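Written out below as structure tokens is the structure these notes cover.
Computed from a prediction, not measured in an experiment: that's the story for all the values here.
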Amino acid sequence: MSDLSTTLIHHPYTPPEGFAAPQPGVFKASTVLFPSVAAMRSFEWKDKTAYTYGLHGTPTTYMLEERLCTLEGGLQCLLLPSGLAAIANVALSLLRTGDEVLMPDNAYGPSKTLAEGELKGWGITHHFYDPMNPLDLAAKIGPQTRLVWLEAAGSVTLEFPDLCEQVRVCKAHGVLTALDNTWGAGLAFAPFDLVPGASPALGVDISVHALTKYPSGGGDVLMGSVITRDVALHMKLKLTHMRLGFGVGANDVEAVLRSLPSMALRYRAHDKAARELARWCQTRAELVQVLHPALPDSPGHGYWRDLCQPGPGSAAGLFSVIFHPRYSQNQIDAFCDALKLFKVGYSWGGPMSLVVPYALASMRSVWPSHLKQGTLVRFSVGLEALADLRADLTQAMHALLI
Ligand SMILES: *Cc1c(COP(=O)(O)O)cnc(C)c1O
């Protein structure tokens with residue numbers, strides 16, 4: 001091998017073993033090399049005993065999967081290129097033509113859009129249930145219902161459901177439950193052990209997490225996970241994952257591995273600041289309602305308190321407000337634009353505070369009786385100083401006077 005290109009590609013040097021550092025090494029691969037053809041034929045990727053192809057796992061992805069299982073209390077994990085891809089993987093794996101899926105009326109918007117688009121097109125029907133009434137959920141479960149989505153707290157309006165009762169209802173009907181656990185993040189409550197010490201455990205069958213939010217913590221990574229505590233269910237989800245080619249890039253996994261150790265501290269800080277700002281918002285005459293599960297008059301507060309043990313770090317950094325109906329959409333938009341630290345943008349979980357006005361009427365099948373009339377604005381509280389954020393909200397209120 002005298003040719004320089006060949007020598008550089010097949011260079012014989014290997015560094016000494018035994019390198020240790022706080023962060024794990026990062027393995028990047030589409031191609032994975034086998035020691036022999038026999039090995040190629042015998043290696044099994046499904047149980048993580050070997051490596052066969054980048055899409056099927058590397059030491060880097062296995063490591064993040066195991067850490068996420070520890071975070072959420074599950075046993076098996078899949079990584080996907082976004083939180084929405086994780087939601088789609090669950091739907092495409094478990095639902096067939098003629099089946100029905102139920103989702104809460106306050107479900108994550110793009111999850112609803114998936115049901116109204118692809119799922120409907122493939123003959124899979126969906127219905128929305130009242131997240132605050134388990135009797136409504138029970139009544140809507142029919143012979144074709146194969147999957148029930150759960151969300152605690154609900155997207156944008158942050159009602160906290162009676163998650164334990166919802167899970168009991170689904171179990172009684174023999175229907176699988178999938179929780180969008182992005183808000184709780186594995187920190188506010190344990191999705192597979194909703195009642196500590198209960199035997200058998202009371203928990204969801206599947207926990208989906210948009211790692212894009214708190215696990216990433218930077219606003220710069222898209223990733224999702226699907227966690228289970230049942231090998232057969234995991235295998236079913238995993239085969240769909242394999243057939244659809246839902247791989248993730250090692251650089252992104254590395255970013256999440258780097259952020260994960262600080263996640264609980266960050267979550268706590270986001271939580272503390274969001275609660276203080278939400279309480280401050282309750283004193284403002286411009287607002288008719290403030291939605292945050294830790295506020296005693298927020299919908300489902302009692303369920304949150306019972307499930308999440310209300311100490312620090314038991315709620316995410318999100319809250320929403322409803323402006324008095326006397327304000328026009330233009331005035332609300334001017335308020336959002338006048339904010340200097342809260343930037344206009346989707347998503348959450350990063351260091352920068354964000355704001356989004358939502359047209360709630362178009363997002364719900366019915367306007368829930370527990371929500372006051374008016375325009376809703378959601379805040380995602382970042383890691384800036386609390387006093388600066390409060391001052392920003394105060395100065396932006398003047399824009400309502402235009
Ligand atoms: C952001 C989010 C998702 C989707 O995550 P992406 O990575 O943006 O696709 C799903 N569910 C909830 C509740 C979210 O907030």
Side-chain angles (χ1 to χ4, degrees), residues 103-113 116 128-133 136 151-161 183 273-304 315-348 353-381 389-402:
M103 29 189 31
D105 210 20
N106 56 3
Y108 176 63
S111 182
K112 289 181 163 184
T113 310
E116 285 154 3
F128 299 113
Y129 65 88
D130 178 353
M132 302 312 284
N133 182 3
D136 184 56
E151 213 171 313
S155 271
V156 179
T157 40
L158 299 162
E159 300 96 339
F160 208 92
W183 183 93
R275 283 194 218 196
E276 300 223 9
L277 289 177
R279 272 190 224 107
W280 177 82
C281 281
Q282 284 187 305
T283 68
R284 298 295 306 201
E286 299 88 345
L287 308 172
V288 291
Q289 196 168 12
V290 182
L291 299 161
H292 184 303
L295 298 177
D297 50 1
S298 202
H301 167 74
Y303 300 124
W304 169 80
L318 297 172
F319 70 98
S320 292
V321 299
I322 298 181
F323 278 86
H324 192 284
R326 70 173 172 266
Y327 298 114
S328 67
Q329 187 68 56
N330 282 346
Q331 286 172 298
I332 309 288
D333 291 356
F335 163 80
C336 294
D337 286 335
L339 288 163
K340 294 189 169 71
L341 300 178
F342 286 88
K343 301 292 183 186
V344 179
Y346 291 116
S347 203
W348 37 278
S353 292
L354 300 170
V355 63
V356 179
Y358 281 94
L360 197 58
S362 67
M363 295 161 59
R364 295 295 196 100
S365 48
V366 287
W367 188 281
S369 57
H370 56 256
L371 296 183
K372 301 245 169 74
Q373 291 290 331
T375 300
L376 186 143
V377 171
R378 188 194 68 189
F379 299 100
S380 158
V381 180
L389 294 177
R390 201 186 293 123
D392 196 27
L393 291 173
T394 309
Q395 65 80 22
M397 291 286 185
H398 296 298
L400 290 169
L401 305 175
I402 56 163

Between Lys112 and Glu151, does at least one N-O distance fall below 4.0 Å, as a salt bridge requires? no
Is it true that His324 and Glu286 share a donor-acceptor pair across their side chains at a distance under 3.5 Å?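 Short answer, no.
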Less than 6.0 angstrom separating the ring centers of Phe335 and Tyr327, yes or no? no
For Phe319 and Phe379, I'd like to know if the aromatic rings sit close, meaning centre-to-centre distance below 6.0 Å.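 Judged by ring-centre distance (under 6.0 Å), Phe319 and Phe379 do meet the cut-off.
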Would you mind reporting whether [Y] and [X] have side-chain heavy atoms less than 4.5 Å apart?
{"X": "Tyr108", "Y": "Trp183", "answer": "no"}
{"X": "Gln373", "Y": "Val288", "answer": "no"}
{"X": "Phe342", "Y": "Asp392", "answer": "yes"}
{"X": "Leu389", "Y": "Leu277", "answer": "yes"}
{"X": "Phe323", "Y": "Leu287", "answer": "yes"}
{"X": "Asp130", "Y": "Asp105", "answer": "no"}
{"X": "Leu295", "Y": "Arg279", "answer": "yes"}
{"X": "Tyr303", "Y": "Pro161", "answer": "no"}

Does the side chain to side chain contact (heavy atoms under 4.5 Å, CB included) test come out yes or no for Ser298 and Leu158, once each step is laid out? CA-CA 8 Å; Ser298 202; Leu158 299 162; 5.8 Å; no
Nearest 0.5 Å, what's the [atom1]-[atom2] distance between [X] and [Y]?
{"X": "Lys340", "Y": "Ser353", "atom1": "NZ", "atom2": "OG", "answer": "15.0 Å"}
{"X": "Leu400", "Y": "Ile332", "atom1": "CG", "atom2": "CD1", "answer": "6.0 Å"}
{"X": "Arg378", "Y": "Tyr346", "atom1": "CZ", "atom2": "OH", "answer": "9.5 Å"}
{"X": "Leu291", "Y": "Ser320", "atom1": "CG", "atom2": "OG", "answer": "6.0 Å"}
{"X": "Ser111", "Y": "Met103", "atom1": "OG", "atom2": "CE", "answer": "3.5 Å"}
{"X": "Thr375", "Y": "Gln331", "atom1": "OG1", "atom2": "CD", "answer": "9.5 Å"}

So which atom in [X] and which in [Y] form the shortest heavy-atom distance, rounded to 0.1 Å?
{"X": "Val290", "Y": "Ala278", "result": "CG1-O, 3.6 Å"}
{"X": "Pro368", "Y": "Glu159", "result": "CG-OE2, 4.5 Å"}
{"X": "Ser347", "Y": "Leu354", "result": "O-CD1, 3.3 Å"}
{"X": "His292", "Y": "Ala316", "result": "NE2-O, 4.0 Å"}
{"X": "Pro104", "Y": "Tyr129", "result": "N-CE2, 3.3 Å"}
{"X": "Ala294", "Y": "Arg275", "result": "CB-CD, 3.8 Å"}

Does the side-chain hydrogen bond (donor to acceptor under 3.5 Å, both in side chains) test come out yes or no for Thr157 and Arg364, once each step is laid out? CA-CA 11 Å; Thr157 40; Arg364 295 295 196 100; 2.7 Å; yes
Worked check of side chain to side chain contact (heavy atoms under 4.5 Å, CB included) between Val356 and Val344: CA-CA 6 Å; Val356 179; Val344 179; 5.6 Å; no
List the steps, then state whether side-chain hydrogen bond (donor to acceptor under 3.5 Å, both in side chains) holds for Asn106 with Ser155. CA-CA 6 Å; Asn106 56 3; Ser155 271; over 6 Å; no
Just checking Phe128: does its CZ atom have more than 12 heavy atoms from other residues, nucleotides or ligands closer to it than 6.0 angstrom? yes
Let me see the working for Thr394 and Met397 under side chain to side chain contact (heavy atoms under 4.5 Å, CB included), right down to the final yes or no. CA-CA 5 Å; Thr394 309; Met397 291 286 185; 5.7 Å; no
Could you walk me through whether Gln289 and Asp297 pass the side-chain hydrogen bond (donor to acceptor under 3.5 Å, both in side chains) test, one step at a time? CA-CA 9 Å; Gln289 196 168 12; Asp297 50 1; over 6 Å; no
